[in-house]
Amino acid sequence: MITNLRIQNVALIDEVEVDFAPGLNVLSGETGAGKSIVVDSINFLLGGRVSRELIRAGADFASVDGVMEFDGPFFSFVKEGLFNLGIQGFDEGQILLSRVMQADTGKSVCKINGRTVTVGILKSAAELLVDLHGQHEHQSLLDPTKQLTMLDQFCGEELSEHKKTLEQLLSRYKELNRDLKKLTSTVSAEQLEIWRFQLDEIEKAALKPDEEDALTAKRDRLSGVEKLSKNTSSVVGLLFSGFYENRPGQLSAVDQTAKAAALSAEIARLDPEREPLHDALVDIHTQLSEITRDFRAYMDELDADPQELDKVETRLDTIYRLKKKYGGTIETILKKQEELARNLDNIENSEAEIAQITAKRKEISKEITTVCAKMNALRTERTENISLQVTEILREMGMKNAKFFMEITKKTSFTPDGNDEIEFMIQPNPGEPAKPLRRIASGGEMSRIMLAIKTILTDKISTVIFDEVDTGISGRTAQQVAEKLLTVSRTRQILCITHLPQIAAMADTHFLIEKSVEKERTITTVNALSKDNAINELARLTGGAQITEATLQAAREMKTQADGLKF
């Protein structure tokens, strides 16, 4: 509820501070005293649109501050809503709204708990706390989303359970849609063909991690094969005599060491101390024989395949080409091969998964439709009863020929609230077509319709402001409106602008709005009335400017009767 309101430099108001109370707060005053200024100030604070004309003549700015408290049944609702707006620091159930408009630019600065916010956030926060119904502002009644919320308040826990189920189904449906999109739209047919070609190219190459270094070394060796063959042949010729059969008399190294070993054996026989020399020569002869054998084998290798160099060059060229396309090393190419194989495998296996997800989505879609149908049936059932009750209350409040009802239509899309759209409809007179409430109802009618709805609804908005609720009514109808206001004020705070004594008499707290001239400037003030002063104001509302003892007595009786209805 609004506990404190401070208005500065708004129209005729220089500076006013008002402490509102729980229950029914009535504001009354002479015509032109400034009652509408108070409503306009609250509308400004709640994020409504205003022009620079709101600013008091000669002032540099206009500002309105409001302290809002929310507790009891309203606390969780408001706290969750504010948290979703990114507003914190309200654990004590109290927040401060503030808005200032500059005269030179017409721009305003909005704050919540001292933090600057946009007008949109200010308005969204205010809608959690206050319903304003008057000539220009009908926050709940004109917004189809809020109309649906009001209807759902009447549907109780059963509808809440349907909403929870629907929210879970919609979440799962969106999740399946995301999975399906990934499977169907991430890879084009052209990309798929490219992947297949790349994988085939790499697989045919059959690369091995360390083969490039080995091939490079082999290529270097094969590139000098002619010189290698000549030198190897000479080495073998020097070591092995068989290569010098056309050069008689020249002994090879193997032959010479064999001959030397034979001579040293004779020496060792005659001089045993020379035995180690003989053994060394024998070892040398053996090593030379083994080296000769290895060189002869190497020479055979060089002569094995004359086209081997071409093969090695071709292989190295293949590796170079693949490295240029897929990465700087064979390891990188092999990783690319694994990636391509994995991607293609996923794509090829996705058809079955797509079919499975599509089937699940179809099944959930049916469940969503079923839940929405149950929600629609429940709402339709409730609207009939609500429409009858609201219509009856409207007739009691002077709208005798009006017929109120709620029209439900279905959307093609689904939200956590289902696929129902609602429109509050009014048929002002028999025989006339029913039209949407937002198109034909006046400010006073709108306020009475909201009062009728609030009478039978326990919603989560803690403060309701009524302006013009008493337009065009008097007598018994005025008394009915007053009693309905009293009923609603037992569960929430009501601020009501009125000129009817029947309504003013019901006030828990009565404020008088007056206009006066001080220092040649007209100013508007708002003051809480004592019990006696409230009686005097009731007398003025009853009898006009001339207050007599009779009107005072009538005012006392009216107040006594009103107080009796509160218990």
Side-chain angles (χ1 to χ4, degrees), residues 1-2 20 22-28 35 39 42-43 127 129-143 146-147 149-151 153-154 385-406 424-428 437-438 440-510 562 565-566:
M1 67 178 182
I2 304 174
F20 293 110
L24 180 57
N25 294 260
V26 167
L27 296 92
S28 66
K35 296 187 293 295
V39 175
I42 296 175
N43 177 45
E127 287 175 353
L129 299 157
V130 180
D131 261 339
L132 174 57
H133 303 280
Q135 185 176 2
H136 303 295
E137 293 294 326
H138 319 286
Q139 293 175 1
S140 298
L141 285 181
L142 299 187
D143 186 340
K146 291 186 174 60
Q147 290 177 357
T149 299
M150 273 192 281
L151 170 59
Q153 295 278 338
F154 288 96
N385 183 43
I386 296 166
S387 298
L388 289 174
Q389 291 187 63
V390 172
T391 297
E392 181 61 31
I393 295 173
L394 290 178
R395 289 174 179 173
E396 293 174 358
M397 294 191 297
M399 299 175 67
K400 295 184 179 180
N401 297 318
K403 182 179 179 182
F404 173 87
F405 61 95
M406 303 175 180
F424 285 5
M425 307 290 288
I426 190 79
Q427 183 182 32
L437 184 64
R438 54 189 165 82
I440 63 172
S442 67
E445 290 172 329
M446 199 76 74
S447 293
R448 270 176 273 170
I449 292 169
M450 175 49 70
L451 178 56
I453 293 173
K454 294 287 186 180
T455 301
I456 61 175
L457 171 66
T458 302
D459 64 5
K460 297 178 181 179
I461 307 299
S462 60
T463 297
V464 186
I465 302 174
F466 290 107
D467 186 21
E468 295 191 348
V469 71
D470 54 9
T471 300
I473 63 173
S474 59
R476 178 59 187 164
T477 299
Q479 183 62 30
Q480 287 289 339
V481 171
E483 291 178 7
K484 294 296 184 293
L485 284 168
L486 178 63
T487 299
V488 175
S489 71
R490 298 307 90 184
T491 56
R492 72 206 73 209
Q493 182 190 53
I494 301 293
L495 274 59
C496 181
I497 309 293
T498 188
H499 65 275
L500 291 180
Q502 292 94 328
I503 294 176
M506 295 289 183
D508 296 304
T509 308
H510 193 154
L565 294 174
K566 297 179 182 180

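Numbers for residues simply follow the sequence, beginning at 1.
Looking at Met399 and Phe404, their side chains never come closer than 4.5 Å, going by heavy atoms from C-beta outward. Inter-residue side-chain proximity for Leu500 and Val481 is flagged as unmet; no heavy-atom pair is nearer than 4.5 Å. Between Thr498 and Leu485, the closest side-chain pair of non-hydrogen atoms is not below 4.5 Å. At least one side-chain heavy atom of Ile456 sits under 4.5 Å from a side-chain heavy atom of Phe154. Taking 4.5 Å as the limit, every side-chain heavy atom of Leu129 sits out of range of all side-chain heavy atoms of Thr463. Here the side chains of Arg490 and Asp508 are in contact, with some heavy-atom distance below 4.5 Å.
Rounding to the nearest 0.5 Å gives a distance of 10.0 Å between CE of Met506 and NZ of Lys484. In this structure, CD on Gln479 lies 12.0 Å from CD on Glu396, to the nearest 0.5 angstrom. Here the CD1-CD1 distance, from Ile42 to Ile2, works out to 5.0 Å after rounding to the nearest 0.5 Å. Here the CG-CG distance, from Asp131 to Leu495, works out to 12.5 Å after rounding to the nearest 0.5 Å. Atoms CG and CZ, from Leu24 and Phe466 in turn, are 10.0 Å apart once rounded to the nearest 0.5 Å. In this structure, Leu451 CG and Met397 CE are separated by 4.5 Å, a value rounded to the nearest 0.5 Å.
Using a distance-only test at 3.5 Å, with no hydrogens or angles considered, no donor-acceptor pair links the side chain of Gln502 to the main chain of Ala482. One N or O on the side chain of Ser462 and one on the backbone of Met1 form a donor-acceptor pair closer than 3.5 Å.
The two residues Ala402 and Thr391 have their closest heavy-atom pair at O-CG2, 3.4 Å. Nearest heavy-atom pair, Val26 versus Ala507, reported as atom, atom and distance to 0.1 Å: CG2-CB, 3.5 Å. What you find for Ala505 and Ala562 is that their closest heavy atoms are O-CB, 3.3 Å.
With salt bridges taken as basic N to acidic carboxylate O contacts below 4.0 Å, none links Lys35 and Asp467.
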